[in-house]
Amino acid sequence: MNLLKIDNIQYSYGKKTPFKKAALKNISLEIGSNEFIGIIGHTGSGKSTLLKICNGLLKPDKGRILYKGKDVWGKEFNLKHLHFEVGVSFQYPEHQLFCETVKKDIAYGLVNKGVPSEEQEEKIKQVLKIVGLQESYLKKSPFKLSGGEMRKVALAGTMVLEPEVLILDEPTAGLDPKTTKQVYESLKEYQNKTKSSIIVVSHSMEDVSEYAKRLIVLDDGNLLLSGTPAQVFSNAEKLRDAGLDVPITTSILNMLAQENLSVNTNIYRYEDTKNEIIRLLKDVN
Ligand SMILES: Nc1ncnc2c1ncn2[C@@H]1O[C@H](COP(=O)(O)OP(=O)(O)O)[C@@H](O)[C@H]1O
Ligand SMILES: [Mg+2]
């Protein structure tokens, strides 16, 4: 069964004002368990709005959201339950750090959720390991950390709640390539441990396609494309019309194909692309 089903959702901001803006026009989407999904789209395409719809922060004007088959806006459903099961980490989550120690910040959601303190300790240690911070960090003030470390603490605070669906809005925005890779690797490790589903919103085709198994492309509030990265990147023109581009890896292979070289253009991961180019060079010689 699907964990989350988004069924014909519409959402507008500024309803009943002259500034009414249709942010999501008609979106349907199903999210199963243990998925790694990337959501891509130009600024203003509706990505953040969709995330807020997914965890019940915004109520759709039309359509339904089903969590494990139950209508989350139905009378019997407890929306608080959805906030815990579909955990969202918003853009620049480190701006929401406010406790005097890293430990208290990570524990904040656990306390809210009513997790006993003995269990909290163990969970915090596990999640700290996943994001790659040493236990000595627990006593530190989050405000004395580097930007990348603060981001990791903020992500740990969402991960520690072990939501069934973990949604991250631009988790690597503003991070250097090394920290970006560490964040994605920690998401992968988190998923291996918890078997949860992960949805990442990203501007970077390169980063997201390296990890996501399914991509969803939004364009001006519409769902433009959905499929495996290879399927989505085979629509280079549609992507370009939506102000997006295929990853640089696919782009290079497409250019080689245009030179009449026999090259596999369905590749997008860095390692695969490197191997394909090496193979091509060997064939040419
Ligand atoms: N609080 C808001 N009030 C009015 N319009 C908004 C608000 N938030 C977003 N929008 C508009 O809704 C559309 C979708 O925004 P958003 O979901 O934030 O897109 P994205 O995350 O893809 O950049 C944009 O046109 C944006 O300007
Ligand atoms: Mg956004």
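What you see is a predicted model; the values in this text were computed from it and never measured. In listed order, ligands and their atoms are each counted from 1.
For the ring-ring contact (aromatic ring centres under 6.0 Å, His included) condition, the pairs that include at least one residue of residues 262-285, sequence neighbours left out, are Phe233-Tyr268.
Between Tyr92 and His95, the ring planes lie parallel to each other; the angle is under 30°, not in the 30° to 60° tilted range.
Two residues are said to be in side-chain contact when any heavy atoms from C-beta on lie closer than 4.5 Å; His203 and Ile40 fail this criterion.
The distance cut-off of 2.8 Å around the Mg ion (ligand 2) captures these protein N, O or S atoms, sorted by chain and number: Ser48 OG.
Atom CZ of Phe36 sits in a crowded spot, with more than 12 heavy atoms from other residues, nucleotides or ligands closer than 6.0 Å. Residue-environment remark: NZ (Lys25) exceeds the threshold of 12 foreign heavy atoms within 6.0 Å.
In this structure, a donor-acceptor pair under 3.5 Å is present between the side chains of Gln182 and Lys152. Under the 3.5 Å distance criterion, with hydrogens and angles disregarded, a donor-acceptor pair is assigned to the side chains of Thr179 and Asp176.
Contact detail for Asp207 and Tyr184: the closest heavy-atom pair is CB-CE1, 3.7 Å.
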With the criterion set at N/O pairs under 3.5 Å, what does the list of contacts between the protein and ligand 1 look like, atom names and distances included?
from	atom 1	to	atom 2	distance (Å)
ligand 1	17 (O)	Thr49	N	2.9
ligand 1	17 (O)	Thr49	OG1	2.5
ligand 1	19 (O)	Gly46	N	3.2
ligand 1	21 (O)	Ser48	N	2.9
ligand 1	21 (O)	Ser48	OG	2.9
ligand 1	22 (O)	Ser45	N	3.2
ligand 1	22 (O)	Ser45	OG	3.4
ligand 1	22 (O)	Gly46	N	3.1
ligand 1	22 (O)	Lys47	N	3.0
ligand 1	22 (O)	Lys47	NZ	2.8
ligand 1	23 (O)	Gly44	N	2.7

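For Tyr211, the side chain to side chain donor-acceptor pair (under 3.5 Å) partners at least two apart in sequence or on another chain are Glu185.
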